[in-house]
> 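Structure below; questions to follow.
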Amino acid sequence: MPPLDGVRVLDLSRLMPGPLCTMILGDLGADVIKVEQPEIGDYARSAPPFIRDTGAAFLLLNRNKRSITLNLKKSEAQEVVCRLAERSEVFVESFRPGVAERLGVGYPTISGINQRIVYCSISGYGQTGPYRDLVGHDLTYTSYSGAVGVTGHKGGPPVIPAVQISDLLAGVHAAVAILAALYRREKTGKGEFIDISLMDAAVASMIMPFSFHFAGMSTERGRLPLSGAAPFYNIYETADRKFISIAPLEAKFWTELCRTLGLEKYQDQQFAGEEESEQIRNDLARVFRERNRDEWIRTLNDQGIPCAPVYDIDEVPVDPHVRSRSMIIEMETEAFGKLNELATPIRMSQSPLTVRIPPPRLGEHTLQILQEIGYSAKDAERLSAIGAT
(Lines give C-alpha, C1' and ligand atoms only; values in the text may rest on other atoms or scores of the structure.)
Protein backbone atom coordinates (compact mmCIF):
# COMPACT_ATOMS: atom_id res chain seq x y z
CA MET A 1 0.00 0.00 0.00
CA PRO A 2 1.53 3.37 -0.98
CA PRO A 3 2.00 5.91 1.85
CA LEU A 4 -0.77 8.30 0.74
CA ASP A 5 -3.34 5.65 -0.12
CA GLY A 6 -6.76 7.05 0.73
CA VAL A 7 -5.69 10.72 0.50
CA ARG A 8 -7.66 12.68 -2.09
CA VAL A 9 -6.01 15.74 -3.66
CA LEU A 10 -8.03 18.31 -5.57
CA ASP A 11 -5.66 19.92 -8.07
CA LEU A 12 -6.59 23.19 -9.79
CA SER A 13 -3.02 24.05 -10.80
CA ARG A 14 -1.41 24.42 -14.22
CA LEU A 15 1.95 24.38 -15.99
CA MET A 16 4.85 23.14 -13.81
CA PRO A 17 5.03 23.97 -10.05
CA GLY A 18 1.56 22.82 -8.98
CA PRO A 19 1.42 19.80 -11.30
CA LEU A 20 4.89 18.72 -10.10
CA CYS A 21 3.69 18.99 -6.50
CA THR A 22 0.56 16.96 -7.13
CA MET A 23 2.44 14.38 -9.24
CA ILE A 24 4.74 13.79 -6.27
CA LEU A 25 1.65 13.27 -4.11
CA GLY A 26 0.14 11.02 -6.79
CA ASP A 27 3.35 8.98 -7.01
CA LEU A 28 3.10 8.54 -3.23
CA GLY A 29 -0.34 7.03 -3.68
CA ALA A 30 -2.78 9.95 -3.42
CA ASP A 31 -5.91 10.05 -5.58
CA VAL A 32 -5.23 13.26 -7.52
CA ILE A 33 -8.22 14.82 -9.27
CA LYS A 34 -7.02 17.34 -11.83
CA VAL A 35 -9.59 20.06 -12.47
CA GLU A 36 -9.16 21.56 -15.95
CA GLN A 37 -10.87 24.20 -18.03
CA PRO A 38 -13.14 22.67 -20.71
CA GLU A 39 -11.65 22.56 -24.23
CA ILE A 40 -8.39 24.22 -23.08
CA GLY A 41 -7.22 22.29 -20.04
CA ASP A 42 -3.86 22.77 -18.41
CA TYR A 43 -1.90 25.26 -20.56
CA ALA A 44 0.96 22.75 -20.70
CA ARG A 45 -1.24 20.57 -22.95
CA SER A 46 -0.83 23.12 -25.76
CA ALA A 47 2.86 24.00 -25.21
CA PRO A 48 5.28 22.59 -27.82
CA PRO A 49 6.92 20.19 -28.45
CA PHE A 50 4.06 17.75 -28.91
CA ILE A 51 3.53 14.02 -28.64
CA ARG A 52 0.30 13.05 -30.40
CA ASP A 53 -0.95 16.65 -30.23
CA THR A 54 -0.30 16.98 -26.49
CA GLY A 55 2.49 18.99 -24.93
CA ALA A 56 5.36 16.68 -24.03
CA ALA A 57 5.97 18.53 -20.75
CA PHE A 58 2.35 17.92 -19.73
CA LEU A 59 2.91 14.20 -20.19
CA LEU A 60 5.95 14.34 -17.88
CA LEU A 61 4.08 16.17 -15.11
CA ASN A 62 0.67 14.53 -14.89
CA ARG A 63 0.84 10.78 -14.37
CA ASN A 64 -1.13 9.25 -11.50
CA LYS A 65 -3.95 11.79 -11.92
CA ARG A 66 -7.56 11.77 -13.10
CA SER A 67 -8.91 14.66 -15.18
CA ILE A 68 -12.28 16.36 -14.83
CA THR A 69 -13.27 19.44 -16.83
CA LEU A 70 -15.09 22.24 -14.97
CA ASN A 71 -15.82 25.79 -16.07
CA LEU A 72 -15.35 27.63 -12.79
CA LYS A 73 -17.13 30.71 -14.12
CA LYS A 74 -20.33 28.68 -13.79
CA SER A 75 -21.88 28.38 -10.32
CA GLU A 76 -22.78 24.77 -11.05
CA ALA A 77 -19.11 23.94 -11.61
CA GLN A 78 -18.17 25.75 -8.41
CA GLU A 79 -20.69 23.54 -6.62
CA VAL A 80 -18.95 20.46 -8.01
CA VAL A 81 -15.61 21.70 -6.68
CA CYS A 82 -17.17 22.34 -3.27
CA ARG A 83 -18.66 18.84 -3.17
CA LEU A 84 -15.27 17.40 -4.12
CA ALA A 85 -13.59 19.53 -1.43
CA GLU A 86 -15.92 18.05 1.19
CA ARG A 87 -14.44 14.65 0.35
CA SER A 88 -10.79 15.74 -0.08
CA GLU A 89 -7.80 16.07 2.22
CA VAL A 90 -5.77 18.48 0.06
CA PHE A 91 -6.61 21.40 -2.25
CA VAL A 92 -3.94 22.86 -4.55
CA GLU A 93 -4.38 25.94 -6.75
CA SER A 94 -1.95 28.15 -8.69
CA PHE A 95 -4.07 31.16 -9.62
CA ARG A 96 -2.85 34.70 -9.13
CA PRO A 97 -3.77 36.01 -5.67
CA GLY A 98 -7.47 36.76 -5.43
CA VAL A 99 -8.54 34.75 -8.47
CA ALA A 100 -9.58 31.64 -6.53
CA GLU A 101 -11.81 33.82 -4.34
CA ARG A 102 -13.43 35.39 -7.39
CA LEU A 103 -14.10 31.92 -8.77
CA GLY A 104 -15.79 30.87 -5.55
CA VAL A 105 -13.10 28.37 -4.51
CA GLY A 106 -10.86 30.46 -2.26
CA TYR A 107 -9.61 29.29 1.11
CA PRO A 108 -12.40 30.93 3.17
CA THR A 109 -15.03 29.09 1.13
CA ILE A 110 -13.27 25.74 0.97
CA SER A 111 -12.20 25.70 4.63
CA GLY A 112 -15.75 26.64 5.57
CA ILE A 113 -16.88 23.45 3.84
CA ASN A 114 -14.07 21.28 5.18
CA GLN A 115 -12.18 22.58 8.21
CA ARG A 116 -9.69 19.72 8.00
CA ILE A 117 -8.56 20.47 4.46
CA VAL A 118 -4.96 21.38 3.67
CA TYR A 119 -5.19 24.23 1.15
CA CYS A 120 -2.04 25.15 -0.78
CA SER A 121 -1.79 28.28 -2.93
CA ILE A 122 1.18 28.41 -5.31
CA SER A 123 1.82 31.77 -6.96
CA GLY A 124 4.65 33.76 -8.46
CA TYR A 125 5.25 36.24 -5.66
CA GLY A 126 3.06 34.90 -2.86
CA GLN A 127 -0.16 36.11 -1.28
CA THR A 128 1.41 39.19 0.34
CA GLY A 129 4.00 41.84 -0.52
CA PRO A 130 4.34 44.58 -3.13
CA TYR A 131 4.85 42.14 -6.02
CA ARG A 132 1.85 39.88 -5.25
CA ASP A 133 -0.15 41.01 -8.29
CA LEU A 134 2.69 40.96 -10.82
CA VAL A 135 2.81 38.32 -13.54
CA GLY A 136 5.92 36.27 -14.16
CA HIS A 137 7.61 33.02 -15.06
CA ASP A 138 10.67 31.14 -13.84
CA LEU A 139 13.11 33.54 -15.49
CA THR A 140 11.63 36.57 -13.74
CA TYR A 141 11.63 34.89 -10.32
CA THR A 142 15.20 33.61 -10.67
CA SER A 143 16.27 37.04 -11.91
CA TYR A 144 14.86 38.67 -8.79
CA SER A 145 16.55 36.03 -6.63
CA GLY A 146 20.02 36.72 -8.00
CA ALA A 147 20.41 33.20 -9.42
CA VAL A 148 20.55 34.46 -13.01
CA GLY A 149 22.80 37.38 -12.09
CA VAL A 150 25.54 35.18 -10.60
CA THR A 151 25.46 32.59 -13.40
CA GLY A 152 27.85 33.00 -16.32
CA HIS A 153 31.49 33.67 -17.09
CA LYS A 154 33.50 36.51 -15.62
CA GLY A 155 32.98 39.63 -17.69
CA GLY A 156 30.20 37.98 -19.70
CA PRO A 157 26.43 38.37 -19.63
CA PRO A 158 24.14 36.48 -17.26
CA VAL A 159 23.17 33.00 -18.43
CA ILE A 160 19.64 31.57 -18.34
CA PRO A 161 19.64 28.24 -16.44
CA ALA A 162 18.47 25.29 -18.54
CA VAL A 163 16.23 24.00 -15.74
CA GLN A 164 13.40 25.99 -14.17
CA ILE A 165 14.79 26.54 -10.68
CA SER A 166 11.86 28.32 -9.04
CA ASP A 167 9.22 26.11 -10.68
CA LEU A 168 10.87 22.90 -9.54
CA LEU A 169 11.75 24.03 -6.03
CA ALA A 170 8.33 25.59 -5.43
CA GLY A 171 6.68 22.32 -6.45
CA VAL A 172 8.88 20.29 -4.11
CA HIS A 173 8.49 22.77 -1.22
CA ALA A 174 4.71 22.68 -1.72
CA ALA A 175 4.67 18.88 -1.53
CA VAL A 176 6.81 18.92 1.62
CA ALA A 177 4.57 21.54 3.26
CA ILE A 178 1.43 19.57 2.39
CA LEU A 179 2.86 16.38 3.89
CA ALA A 180 3.86 18.27 7.04
CA ALA A 181 0.36 19.76 7.31
CA LEU A 182 -1.24 16.33 6.90
CA TYR A 183 1.02 15.00 9.67
CA ARG A 184 0.07 17.91 11.94
CA ARG A 185 -3.61 17.37 11.15
CA GLU A 186 -3.36 13.83 12.46
CA LYS A 187 -2.40 15.32 15.83
CA THR A 188 -4.68 18.37 15.96
CA GLY A 189 -7.53 17.62 13.56
CA LYS A 190 -7.04 21.04 12.02
CA GLY A 191 -6.39 21.96 8.40
CA GLU A 192 -3.90 24.49 7.11
CA PHE A 193 -3.42 27.28 4.58
CA ILE A 194 -0.07 27.12 2.77
CA ASP A 195 1.34 30.07 0.80
CA ILE A 196 4.11 29.03 -1.63
CA SER A 197 5.89 31.72 -3.67
CA LEU A 198 8.07 30.87 -6.66
CA MET A 199 10.26 33.90 -5.98
CA ASP A 200 10.65 32.80 -2.35
CA ALA A 201 11.71 29.34 -3.55
CA ALA A 202 14.29 30.88 -5.87
CA VAL A 203 15.69 33.14 -3.13
CA ALA A 204 15.88 30.18 -0.74
CA SER A 205 17.96 28.27 -3.30
CA MET A 206 20.78 30.84 -3.14
CA ILE A 207 22.57 29.24 -0.21
CA MET A 208 26.14 29.30 -1.52
CA PRO A 209 26.06 32.75 -3.20
CA PHE A 210 24.55 34.30 -0.08
CA SER A 211 27.08 32.55 2.15
CA PHE A 212 29.74 34.60 0.34
CA HIS A 213 27.64 37.77 0.38
CA PHE A 214 26.90 37.54 4.11
CA ALA A 215 30.60 36.92 4.75
CA GLY A 216 31.43 40.17 2.94
CA MET A 217 33.05 38.49 -0.06
CA SER A 218 32.63 39.17 -3.77
CA THR A 219 29.72 37.54 -5.61
CA GLU A 220 30.67 38.94 -9.01
CA ARG A 221 29.56 36.72 -11.87
CA GLY A 222 32.18 34.06 -12.60
CA ARG A 223 34.07 34.79 -9.36
CA LEU A 224 32.34 32.33 -7.04
CA PRO A 225 34.36 29.15 -6.47
CA LEU A 226 31.43 26.87 -7.29
CA SER A 227 30.33 28.75 -10.41
CA GLY A 228 33.49 28.83 -12.50
CA ALA A 229 36.22 30.62 -10.59
CA ALA A 230 37.91 27.59 -9.01
CA PRO A 231 40.05 25.31 -11.19
CA PHE A 232 39.15 22.39 -8.91
CA TYR A 233 35.38 22.77 -9.52
CA ASN A 234 35.15 23.24 -13.23
CA ILE A 235 34.53 21.89 -16.71
CA TYR A 236 37.26 21.03 -19.21
CA GLU A 237 37.28 20.05 -22.87
CA THR A 238 38.80 16.70 -23.79
CA ALA A 239 40.60 15.42 -26.90
CA ASP A 240 37.37 14.23 -28.55
CA ARG A 241 35.84 17.70 -28.14
CA LYS A 242 33.60 16.52 -25.35
CA PHE A 243 33.66 17.81 -21.79
CA ILE A 244 34.41 16.52 -18.31
CA SER A 245 33.47 18.04 -14.98
CA ILE A 246 35.72 17.69 -11.94
CA ALA A 247 34.82 18.41 -8.32
CA PRO A 248 37.73 17.50 -6.00
CA LEU A 249 36.61 19.89 -3.26
CA GLU A 250 38.37 18.06 -0.44
CA ALA A 251 42.16 18.45 -0.22
CA LYS A 252 42.76 14.69 -0.49
CA PHE A 253 40.92 14.56 -3.82
CA TRP A 254 42.74 17.63 -5.15
CA THR A 255 46.10 16.15 -4.17
CA GLU A 256 45.25 12.91 -5.94
CA LEU A 257 44.09 14.78 -9.06
CA CYS A 258 47.35 16.73 -9.24
CA ARG A 259 49.33 13.51 -8.89
CA THR A 260 47.25 11.74 -11.56
CA LEU A 261 47.64 14.62 -14.03
CA GLY A 262 51.37 15.04 -13.36
CA LEU A 263 50.79 18.49 -11.86
CA GLU A 264 52.11 17.80 -8.35
CA LYS A 265 53.44 21.36 -8.17
CA TYR A 266 49.89 22.58 -7.64
CA GLN A 267 48.81 20.22 -4.88
CA ASP A 268 49.35 22.89 -2.20
CA GLN A 269 47.71 25.63 -4.28
CA GLN A 270 44.09 24.50 -4.36
CA PHE A 271 42.91 27.88 -3.09
CA ALA A 272 45.45 30.02 -4.91
CA GLY A 273 44.81 33.65 -5.80
CA GLU A 274 43.10 34.76 -8.99
CA GLU A 275 46.25 35.04 -11.13
CA GLU A 276 47.67 31.71 -9.95
CA SER A 277 44.28 30.03 -10.38
CA GLU A 278 44.17 31.15 -13.99
CA GLN A 279 47.51 29.45 -14.66
CA ILE A 280 46.38 26.29 -12.87
CA ARG A 281 43.17 26.25 -14.91
CA ASN A 282 45.15 26.64 -18.15
CA ASP A 283 47.46 23.75 -17.24
CA LEU A 284 44.52 21.54 -16.29
CA ALA A 285 42.86 22.39 -19.59
CA ARG A 286 46.04 21.50 -21.49
CA VAL A 287 46.33 18.08 -19.84
CA PHE A 288 42.64 17.21 -20.23
CA ARG A 289 42.88 17.91 -23.97
CA GLU A 290 45.40 15.08 -24.28
CA ARG A 291 42.87 12.22 -23.86
CA ASN A 292 39.25 11.45 -24.67
CA ARG A 293 36.49 12.12 -22.18
CA ASP A 294 35.59 8.55 -21.32
CA GLU A 295 39.26 7.60 -20.89
CA TRP A 296 39.59 10.37 -18.33
CA ILE A 297 36.42 9.25 -16.56
CA ARG A 298 37.78 5.72 -16.15
CA THR A 299 41.16 6.98 -14.96
CA LEU A 300 39.81 9.47 -12.44
CA ASN A 301 37.15 7.07 -11.13
CA ASP A 302 39.86 4.45 -10.62
CA GLN A 303 41.70 6.99 -8.44
CA GLY A 304 38.58 7.93 -6.51
CA ILE A 305 38.44 11.51 -7.80
CA PRO A 306 35.00 13.16 -8.10
CA CYS A 307 34.29 13.63 -11.80
CA ALA A 308 31.59 13.08 -14.41
CA PRO A 309 31.08 13.26 -18.16
CA VAL A 310 29.16 16.36 -19.21
CA TYR A 311 26.39 14.54 -21.00
CA ASP A 312 24.34 15.75 -23.89
CA ILE A 313 20.67 14.94 -23.29
CA ASP A 314 20.68 11.92 -25.62
CA GLU A 315 23.41 10.27 -23.52
CA VAL A 316 21.39 10.30 -20.29
CA PRO A 317 18.82 7.54 -21.11
CA VAL A 318 21.57 5.06 -22.07
CA ASP A 319 23.77 5.72 -19.04
CA PRO A 320 24.15 2.41 -17.17
CA HIS A 321 23.43 3.91 -13.76
CA VAL A 322 20.32 5.75 -14.97
CA ARG A 323 19.13 2.49 -16.49
CA SER A 324 19.91 0.40 -13.41
CA ARG A 325 17.95 2.84 -11.23
CA SER A 326 15.06 2.83 -13.75
CA MET A 327 14.97 6.62 -13.80
CA ILE A 328 13.50 6.66 -17.28
CA ILE A 329 10.54 4.35 -17.67
CA GLU A 330 8.49 3.34 -20.69
CA MET A 331 4.74 2.87 -20.61
CA GLU A 332 2.08 1.95 -23.13
CA THR A 333 -0.95 4.23 -23.12
CA GLU A 334 -4.17 4.08 -25.05
CA ALA A 335 -4.30 7.83 -25.64
CA PHE A 336 -0.66 8.68 -26.36
CA GLY A 337 0.93 5.41 -27.45
CA LYS A 338 4.34 4.54 -26.05
CA LEU A 339 5.59 7.18 -23.60
CA ASN A 340 8.90 7.74 -21.86
CA GLU A 341 8.57 9.13 -18.33
CA LEU A 342 11.06 10.46 -15.81
CA ALA A 343 10.56 8.22 -12.79
CA THR A 344 10.18 9.44 -9.24
CA PRO A 345 13.54 9.59 -7.42
CA ILE A 346 11.83 8.42 -4.22
CA ARG A 347 12.72 4.87 -3.17
CA MET A 348 10.83 3.36 -0.21
CA SER A 349 11.51 -0.16 1.04
CA GLN A 350 8.07 -0.78 2.54
CA SER A 351 6.03 1.21 0.03
CA PRO A 352 7.30 0.78 -3.55
CA LEU A 353 5.88 3.48 -5.77
CA THR A 354 4.33 2.73 -9.16
CA VAL A 355 2.67 4.47 -12.07
CA ARG A 356 -0.95 3.53 -11.56
CA ILE A 357 -2.50 5.92 -14.10
CA PRO A 358 -0.92 7.34 -17.27
CA PRO A 359 -1.28 11.07 -18.02
CA PRO A 360 -5.02 11.64 -18.61
CA ARG A 361 -6.82 12.87 -21.68
CA LEU A 362 -8.59 16.16 -21.08
CA GLY A 363 -11.72 15.42 -19.06
CA GLU A 364 -11.17 11.68 -19.33
CA HIS A 365 -12.60 10.95 -15.88
CA THR A 366 -15.30 13.62 -15.67
CA LEU A 367 -18.28 11.25 -15.57
CA GLN A 368 -16.52 8.82 -13.24
CA ILE A 369 -15.66 11.54 -10.72
CA LEU A 370 -19.10 13.16 -10.87
CA GLN A 371 -20.73 9.82 -10.14
CA GLU A 372 -18.38 9.25 -7.19
CA ILE A 373 -19.76 12.38 -5.50
CA GLY A 374 -23.41 11.59 -6.16
CA TYR A 375 -24.19 12.99 -9.61
CA SER A 376 -26.20 10.80 -11.98
CA ALA A 377 -25.51 10.34 -15.68
CA LYS A 378 -28.41 12.73 -16.38
CA ASP A 379 -26.89 15.29 -14.02
CA ALA A 380 -23.61 15.00 -15.91
CA GLU A 381 -25.42 15.55 -19.23
CA ARG A 382 -27.10 18.65 -17.80
CA LEU A 383 -23.81 20.09 -16.55
CA SER A 384 -22.27 19.54 -19.98
CA ALA A 385 -25.26 21.14 -21.73
CA ILE A 386 -24.98 24.37 -19.74
CA GLY A 387 -21.22 24.57 -20.28
CA ALA A 388 -20.21 23.74 -16.69
CA THR A 389 -18.08 20.74 -17.70
Side-chain angles (χ1 to χ4, degrees), residues 60 147 150-154 156 159-165 168-169 172 205 207-209 211 221-274 276-330 340-347:
L60 289 174
V150 297
T151 304
H153 295 294
K154 179 183 175 184
V159 173
I160 301 174
V163 297
Q164 290 65 50
I165 297 170
L168 297 171
L169 287 178
V172 173
S205 75
I207 296 168
M208 291 309 296
S211 72
R221 188 161 46 255
R223 296 283 297 274
L224 291 171
L226 303 187
S227 65
F232 58 82
Y233 197 89
N234 225 306
I235 295 169
Y236 296 94
E237 188 174 13
T238 52
D240 50 358
R241 307 196 72 173
K242 296 181 179 180
F243 294 90
I244 183 174
S245 66
I246 61 167
L249 281 171
E250 293 83 355
K252 63 180 180 179
F253 294 138
W254 172 250
T255 299
E256 186 60 33
L257 176 70
C258 291
R259 188 196 66 77
T260 301
L261 301 186
L263 297 173
E264 290 90 343
K265 61 183 178 180
Y266 294 135
Q267 63 186 23
D268 295 325
Q269 299 185 52
Q270 183 176 6
F271 298 98
E274 186 174 343
E276 294 84 356
S277 290
E278 187 64 28
Q279 182 58 53
I280 295 171
R281 185 186 296 104
N282 289 339
D283 282 351
L284 287 172
R286 173 181 53 78
V287 175
F288 277 119
R289 283 194 295 267
E290 293 174 357
R291 296 167 64 183
N292 290 341
R293 183 192 71 183
D294 293 347
E295 292 180 64
W296 278 120
I297 294 298
R298 287 192 293 270
T299 297
L300 299 188
N301 279 337
D302 286 345
Q303 300 305 316
I305 298 167
C307 67
V310 179
Y311 276 158
D312 292 327
I313 289 292
D314 60 358
E315 295 179 277
V316 178
V318 297
D319 176 85
H321 194 76
V322 172
R323 294 178 67 178
S324 74
R325 300 282 293 179
S326 300
M327 278 308 301
I328 297 178
I329 56 179
E330 189 178 272
N340 289 312
E341 288 272 317
L342 300 177
T344 176
I346 300 171
R347 301 288 192 274

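Everything numeric here is computed off the predicted structure, so don't read it as measured data.
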> Rounded to the nearest 0.5 Å, how far does CD of Glu256 lie from CD of Gln303?
5.0 Å

> Any heavy-atom pair between the side chains of Pro209 and Leu224 that's under 4.5 Å?
yes

> Would you check if the side chain of Gln270 reaches a backbone N or O of Pro248 as a donor-acceptor pair within less than 3.5 Å?
yes

> For residues Glu330 and Glu341, determine if any side-chain heavy atom of one lies less than 4.5 Å from a side-chain heavy atom of the other.
no

> Please confirm whether the backbone N or O of Cys307 pairs with a side-chain atom of Ser245, one donor and one acceptor, at under 3.5 Å?
no

> In Å, rounded to the nearest 0.5 Å, how long is the span from CG of Asp268 to OG1 of Thr255?
7.0 Å

> Could you work out, with side-chain contact (heavy atoms from CB on, under 4.5 Å) as the rule, every residue matching Leu249, not counting sequence neighbours?
Leu226, Phe232, Tyr233

> Nearest heavy-atom pair of Trp254 and Gln269: which atoms, and what distance?
NE1-C, 4.3 Å

> Do Arg291 and Thr299 have side-chain atoms, one donor and one acceptor, less than 3.5 Å apart?
yes

> Return yes if some donor-acceptor pair links the side-chain N/O of Asn234 with the main-chain N/O of Gly228 below 3.5 Å, else return no.
yes

> Looking at Gly156, is its backbone amide N or carbonyl O close enough to the side chain of Arg221 to form a donor-acceptor pair, meaning the two atoms are under 3.5 Å apart?
yes

> Please find the pair of heavy atoms, one from Asn301 and one from Ile305, that lie closest to each other, and give the distance.
OD1-O, 4.2 Å

> In Å and rounded to the nearest 0.5 Å, what is the CG to CD1 distance from Asn292 to Ile297?
11.5 Å

> For residues 281-315, which residue pairs pass the ring-ring contact (aromatic ring centres under 6.0 Å, His included) check, not counting sequence neighbours?
Tyr236-Phe288, Phe288-Trp296

> Applying side chain to side chain contact (heavy atoms under 4.5 Å, CB included), run through Gln279 and Tyr266 and close with a yes or a no.
CA-CA 10 Å; Gln279 182 58 53; Tyr266 294 135; 3.7 Å; yes

> Is there side-chain contact between Val287 and Leu263, with at least one heavy-atom pair below 4.5 Å?
yes

> So, for Glu276 and Ala272, which heavy atoms are closest and what is the spacing to 0.1 Å?
CB-CB, 3.6 Å

> Is there a side-chain contact between Ile246 and Leu300 in this structure, where contact means two heavy atoms from C-beta onward sitting under 4.5 Å apart?
yes

> Before accepting this row, confirm whether a basic side-chain N of the pair Arg223/Glu274 lies closer than 4.0 Å to the acidic partner's carboxylate O.
yes

> Mind checking the CD-CG spacing from Gln267 to Leu257? Nearest 0.5 Å is all I need.
11.0 Å

> Can you see which heavy atom on Ala229 is nearest to which on Gly222, and at what distance?
CB-O, 3.4 Å

> Which heavy atom in Arg281 sits nearest to a heavy atom in Glu278, and how many Å separate them?
NH1-OE1, 2.6 Å

> Can you tell whether the side chains of Arg323 and Glu315 come within less than 4.0 Å, N to carboxylate O?
no

> Does Arg325 use its side chain to pair, donor to acceptor, with the backbone of Pro320 at less than 3.5 Å?
no

> Can you name the nearest heavy-atom pair linking Pro231 to Ser277, along with the distance?
CG-O, 3.4 Å

